[in-house]
Amino acid sequence: MRADPAAPGTPAVPAVPGALAGPAGPAGPRSPLRPTRDPLVTLDDLLETVLNKGAVLHLDLIIAVADIPLIGVNLRAAIAGMETMLQYGLLQQWDADTRAWAERATAAVPELEPDEQVVIRSFGGHYDERGLAKTWRPGTLFLTDRRVLVQRREPREVLWEARLEDVTATRLQSEMTVGGEERLRVRLELAGGGGALLSAGDPEGFDESLRRLAPHVRSEEPVPLPGAEQEPECEGHMWYHEPRREGALWRGGRARLERGRLTWKAPTDARPAVVLDAASIRDVRVEPGSAPSSALDRLVVDAPGGRIVLATDEAPRWIRALAGAGEEDSHGHHR
């Protein structure tokens, strides 16, 4: 940007960035600066000026139709590099919050020994088997070239750790979650007895990387779920009348009665939509009413949380299976 030459007899006005007009002098007010096109100015020059010195935008815009004002825009904006913004007292709170977040993110990495390298970092957890209340404690799973550890970020705590030389064996084992899904876990055995059950984002990759770092660690046979090779008590295609805010909707999926628990899951669902303890079922019956097809029976299951409405072409088989499973409590005793 540069100022146009002043009129004859009028002092020249210096091209001061951001100035709208020159100061008044003895000969009267000086001519205002006017924008001009300079072919020598590049985008790099513009960016350098904006970042180093900044720019202030004042915009008042009125949009009118047929001389009738409809929309008004009032814009006040400052554009500059962060150093310039902070120098003039702008965005200081944002800068402080960002620096604090960066410090917390850095603190999520465990304190490493000299020359220790992190090989794997993923979401994981440690199964705390101490005491009566056995539970999963979520955190971040780290595999370094020297240790295995699970760390919780807030409050910061190392939930479990072991050195690679103390690990003697690894085993992949399946576990059924509360939602009715089968998950793969990693069991680590330690020298002198003891060990830990860990969860990892990629259990098989974690197991392979650990044994590659510690060749002395042996791999034991995976442990399947108890009774995983047994056939479920009842299984088949079934429709579920899923309650929704805009109204219940029939969805097709697969129902499964296994180890005293009824689950229903659609092919596109990540988790089962129905997970019900068969021992809590109060009644199972066929009721007249709407169904996805006239060839299907409307099966109603009364449970403590309310009614579950299903549709199947094998209603008698499901009624017998659910009634038989409900005759035993969670300990396997006849009620």
Side-chain angles (χ1 to χ4, degrees), residues 1-3 13-23 32-64 69-126 136-145 147-161 198-202 205-206 245 270-271:
M1 301 287 292
R2 67 169 184 266
V13 179
V16 180
L20 297 180
L33 292 175
R34 300 182 183 278
T36 59
R37 295 182 179 274
D38 189 343
L40 300 180
V41 175
T42 64
L43 180 60
D44 294 339
D45 298 329
L46 175 62
L47 291 177
E48 181 179 359
T49 300
V50 171
L51 293 177
N52 292 337
K53 299 181 179 180
V56 177
L57 304 180
H58 287 190
L59 171 65
D60 293 318
L61 175 64
I62 297 177
I63 301 176
L70 298 179
I71 301 175
V73 178
N74 177 268
L75 177 63
R76 301 292 184 266
I79 305 175
M82 280 304 303
E83 292 184 1
T84 304
M85 285 287 195
L86 296 175
Q87 180 181 355
Y88 285 90
L90 302 175
L91 297 179
Q92 290 184 341
Q93 185 60 46
W94 178 89
D95 181 68
D97 294 342
T98 303
R99 293 178 183 275
W101 175 85
E103 291 179 0
R104 290 194 302 268
T106 304
V109 178
E111 296 181 2
L112 301 177
E113 301 173 358
D115 301 326
E116 185 179 12
Q117 300 293 326
V118 175
V119 178
I120 290 180
R121 172 181 176 176
S122 74
F123 175 80
H126 168 249
W136 280 101
R137 299 193 295 172
T140 304
L141 176 65
F142 291 92
L143 173 63
T144 75
D145 54 359
R147 295 179 292 166
V148 178
L149 62 98
V150 180
Q151 176 174 284
R152 180 173 58 193
R153 185 169 66 178
E154 294 181 0
R156 189 176 182 184
E157 178 187 359
V158 176
L159 303 178
W160 184 87
E161 71 172 314
L198 308 177
S199 64
D202 180 12
F206 173 83
R245 180 179 303 176
R271 298 175 178 271

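Keep in mind the model is a prediction, meaning the values are calculated, not measured. Side chains are part of it too, since the values below use all heavy atoms of this structure and drop only hydrogens, waters and symmetry mates.
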Practice task
For Arg121 and Thr144, run side chain to side chain contact (heavy atoms under 4.5 Å, CB included): C-alpha distance rounded to whole Å, both residues' side-chain angles, the deciding distance at 0.1 Å, then the answer.
Solution key: CA-CA 9 Å; Arg121 172 181 176 176; Thr144 75; over 6 Å; no
Exercise for the section: Under the salt bridge (charged side-chain N to carboxylate O under 4.0 Å, His left out) rule, collect the residues that match up with Asp115, sequence neighbours excluded. Expected result: none
Problem - Those residues that, when tested against Asp95, pass salt bridge (charged side-chain N to carboxylate O under 4.0 Å, His left out) (two or more places apart) - result: Arg99
Answer whether the closest heavy-atom distance between the side chains of [X] and [Y] falls below 4.5 Å.
{"X": "Val150", "Y": "Glu157", "answer": "no"}
{"X": "Leu198", "Y": "Val148", "answer": "yes"}
{"X": "Ser122", "Y": "Phe206", "answer": "no"}

Handout entry: Ile79 vs Leu57, side chain to side chain contact (heavy atoms under 4.5 Å, CB included): CA-CA, chis, key distance, verdict
Key = CA-CA 8 Å; Ile79 305 175; Leu57 304 180; 3.9 Å; yes
From [atom1] ([X]) to [atom2] ([Y]), nearest 0.5 Å:
{"X": "Arg147", "Y": "Glu113", "atom1": "CZ", "atom2": "CD", "result": "5.0 Å"}
{"X": "Phe142", "Y": "Ile120", "atom1": "CZ", "atom2": "CD1", "result": "12.0 Å"}
{"X": "Leu59", "Y": "Leu75", "atom1": "CG", "atom2": "CG", "result": "5.5 Å"}
{"X": "Thr84", "Y": "Leu91", "atom1": "OG1", "atom2": "CG", "result": "11.5 Å"}
{"X": "Leu141", "Y": "Phe123", "atom1": "CG", "atom2": "CZ", "result": "10.5 Å"}

Handout entry: Results of side-chain hydrogen bond (donor to acceptor under 3.5 Å, both in side chains) for Gln93 - residues two or more places apart only
Key = Asp97
Exercise for the section: Apply side chain to side chain contact (heavy atoms under 4.5 Å, CB included) to His126 and Val158, showing your working. Expected result: CA-CA 10 Å; His126 168 249; Val158 176; over 6 Å; no
Practice task
Tell me, yes or no, whether the heavy-atom count around Leu70 atom CG, taken from other residues, nucleotides or ligands under 6.0 Å, exceeds 12.
Solution key: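 It does: Leu70 CG has more than 12 such atoms within range.
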Fill in the blank from the handout: Minimal heavy-atom distance between Ser199 and Gly125, with the atoms involved, is OG-N, 2.8 Å
Problem - Glu161 versus Leu149, closest heavy-atom pair with distance - result: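 Scanning both residues, the minimum pair turns out to be CB-CB, 3.4 Å.
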